[in-house]
Novice: 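Here's a structure for you.
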2 protein chains.
Amino acid sequence: MDKKRKALLNAKAEVLKALSHPTRLYMVEELARGEKCVCKFNEQIDADFSTISKHLSVLKQAGIVRDEKRGKRVFYTLEVPCVLGFMGCVETVLKSRIEAQTKIMKQ
Amino acid sequence: MDKKRKALLNAKAEVLKALSHPTRLYMVEELARGEKCVCKFNEQIDADFSTISKHLSVLKQAGIVRDEKRGKRVFYTLEVPCVLGFMGCVETVLKSRIEAQTKIMKQ
DNA sequence: TCATCATTTGGTTATTATGCCAAATGTGCA
DNA sequence: TGCACATTTGGCATAATAACCAAATGATGA
């Protein structure tokens, strides 16, 4: 495998890894409906401030969201809305998993 | 957040996590071009047999691939081709990341 | 300037993931 | 049956992640 492909695979994997946490996925889904300040997430998510802040920072590092400070607050925006398109397919995976399970149980 | 949504988020995150490793991403991309036996991956990927086998098993657990034993060999197939659709978007993320970097460097 | 609010950063610990080696399993063939 | 090949499983060391608490930063308004 050439270096270029390896580098690209690493970069893609990094983006996917950023999305592969339930809390971060929740954040992305919520941000799809519009920008949100960290304080809102603090209300909605049952975890320490610092934990929430770190999750947002992972998404930001990955290039999925953007942040903007306005006054005391920080607002996050979904920078790449197409990630939502993923979810349709992910759900397809889930469905096919359920079907496979059903098959096994019928045996 | 209700239990149902939480469970769905967990399940989705699990699928994404399975995809978020360069070696596994490579496997998925290769399988998109048709089924492949483990032996082929052993030739192409510079890692121990056991490591490769475990990566394939992660993809299988997640419901992304399917395996089929034929003779001595095991063949893997991409069960949910739509995952490739992800990649277009992931590349968009990468591009927007590069743009952001460029912006920073121009400052 | 000082206190306060919102958020991030640093540090620690527990959990999980990765990758290798060695051993086990399963299949076909002599 | 017994050997050789292909793959998986178990075990272990190391690395990466996640969550919490405490402390630091940055902005506002008294």
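Chain letters run A, B, ... following the sequence lines, proteins first, then strands; residues in each count from 1. Bear in mind that the values here come from a model prediction, so they are computed numbers and not experimental data.
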Novice: Expressed in angstrom and rounded to an integer, what is the separation of B:Asp48 atom CG from D:dT9 atom C1'?
Specialist: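 My rounded result for the distance is 12 Å.
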Novice: Using a cut-off of less than 4.0 Å, is there contact between a side-chain N or O of A:Thr51 and OP1 or OP2 of D:dA18?
Specialist: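 Answer is no, no contact under 4.0 Å.
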Novice: With the side chain counted from C-beta on, respond yes when B:Met87 and B:Leu25 share a heavy-atom pair under 4.5 Å apart, and no when they do not.
Specialist: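 SC-SC contact between B:Met87 and B:Leu25 confirmed.
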Novice: Which nucleotide in the list C:dT8, D:dT7, D:dA27 gets nearest to the side chain of B:Cys39?
Specialist: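 Between C:dT8, D:dT7, D:dA27, the one nearest the side chain of B:Cys39 would be D:dT7.
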Novice: Would you kindly give the CG-to-C1' distance between B:Leu56 and C:dA17, to the nearest whole Å?
Specialist: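 In whole Å, C:dA17 C1' and B:Leu56 CG are 16 Å from each other.
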Novice: As a test of reading the structure: which of D:dT7, C:dC20, C:dT8 is closest to the side chain of B:Ala47, going by heavy atoms?
Specialist: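 When the side chain of B:Ala47 is considered, C:dC20 is the closest of D:dT7, C:dC20, C:dT8.
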Novice: At under 4.0 Å between heavy atoms, what does A:Lys17 touch on the DNA or RNA strands: base, sugar-phosphate, or nothing?
Specialist: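 Since only primed, P, OP1 and OP2 atoms lie under 4.0 Å of A:Lys17, the category is sugar-phosphate.
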Novice: Take atom CD1 of A:Ile45 and atom C1' of D:dA18, then tell me their distance rounded to the nearest Å.
Specialist: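 Atom-to-atom, A:Ile45 to D:dA18, this comes out as 14 Å.
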Novice: In this structure, how many angstroms lie between the C1' atom of C:dT18 and the CE atom of B:Met27, rounded?
Specialist: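 Taking CE of B:Met27 and C1' of C:dT18, I get 13 Å after rounding.
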Novice: Quick one: A:Lys60 NZ to C:dT7 C1', roughly how many Å, whole number?
Specialist: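 Whole-Å distance recorded here is 11 Å.
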Novice: A:Phe49 has an atom CZ; how far is it from atom C1' of D:dA18, in whole Å?
Specialist: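 Those two atoms, CZ and C1', are 18 Å apart.
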Novice: B:Asn42 side chain N/O closer than 4.0 Å to the phosphate oxygens (OP1, OP2) of D:dA6?
Specialist: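 For D:dA6, OP1/OP2 do not have a side-chain N/O of B:Asn42 under 4.0 Å.
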Novice: Would you mind telling me which of D:dC5, D:dA22, C:dG19 lies closest to the side-chain atoms of A:Ser50?
Specialist: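 Closest of the options to the side chain of A:Ser50: D:dA22.
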Novice: Could you give the NZ-to-C1' distance, from A:Lys36 to C:dT7, as a whole number of Å?
Specialist: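 My rounded result for the distance is 17 Å.
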Novice: For A:Gly71 and for A:His21, locate the closest nucleotide of DNA chain D by heavy-atom distance; then report the residue assigned to the nucleotide nearer the 5' terminus.
Specialist: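 That would be A:His21.
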Novice: Between the base of C:dG28 and the side chain of B:Lys69, is there a donor and acceptor pair under 3.5 angstrom?
Specialist: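 In this structure, the two groups form no donor-acceptor pair.
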Novice: Any side-chain to backbone donor/acceptor pair from B:Arg66 onto B:Glu79? Under 3.5 Å, distance only.
Specialist: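 No: the side chain of B:Arg66 does not pair with the backbone of B:Glu79.
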Novice: With heavy atoms under 4.0 Å as the rule, sort A:Arg24 into base, sugar-phosphate or nothing.
Specialist: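 Sugar-phosphate contact only - A:Arg24 comes under 4.0 Å of backbone atoms but never of a base.
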Novice: By nearest atom, which of the nucleotides C:dT7, C:dC20, C:dC5 is closest to the A:Arg73 side chain?
Specialist: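 The answer is C:dT7, which lies nearest to the side chain.
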Novice: Send over the distance from A:Ile52 CD1 to D:dC21 C1', rounded to a whole Å.
Specialist: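 In whole Å, D:dC21 C1' lies 15 Å from A:Ile52 CD1.
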Novice: Base of C:dG10, side chain of A:Lys54 - is there a donor-acceptor contact under 3.5 Å?
Specialist: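 Per atom types, the contact qualifies.
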Novice: So does A:Ser50 get a backbone contact from the side chain of A:Ser53, meaning a donor-acceptor N/O pair under 3.5 Å?
Specialist: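 Checked: no pair found.
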Novice: Using a 4.0 Å heavy-atom cut-off across all strands, classify B:Tyr76 as base, sugar-phosphate, or nothing.
Specialist: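 Sugar-phosphate only.
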Novice: Among C:dC21, D:dA6, C:dT7, which nucleotide sits nearest the side chain of A:Cys37?
Specialist: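 Of the options given, the side chain of A:Cys37 lies nearest C:dT7.
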Novice: Does OP1 or OP2 of D:dA19 have a side-chain N or O of A:His55 closer than 4.0 Å?
Specialist: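 Yes, because at least one side-chain N or O of A:His55 sits under 4.0 Å from OP1 or OP2 of D:dA19.
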Novice: Would you say that more than 12 heavy atoms from the other residues, nucleotides or ligands in this model lie under 6.0 Å from the CG of B:Asp2, or not?
Specialist: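 Check passes, neighbour count above 12.
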Novice: For B:Asp67, run the salt bridge (charged side-chain N to carboxylate O under 4.0 Å, His left out) check against B:Arg73, B:Lys60, B:Lys36 and tell me which one passes.
Specialist: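 Of the listed residues B:Arg73, B:Lys60, B:Lys36, the salt bridge (charged side-chain N to carboxylate O under 4.0 Å, His left out) partner of B:Asp67 is B:Lys60.
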Novice: Determine, for A:Tyr26 and B:Arg5, whether the Lys NZ or Arg CZ falls below 6.0 Å from the six-membered ring centre while staying within 45 degrees of the axis.
Specialist: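 No - B:Arg5 does not lie over the ring of A:Tyr26 by the 6.0 Å and 45° rule.
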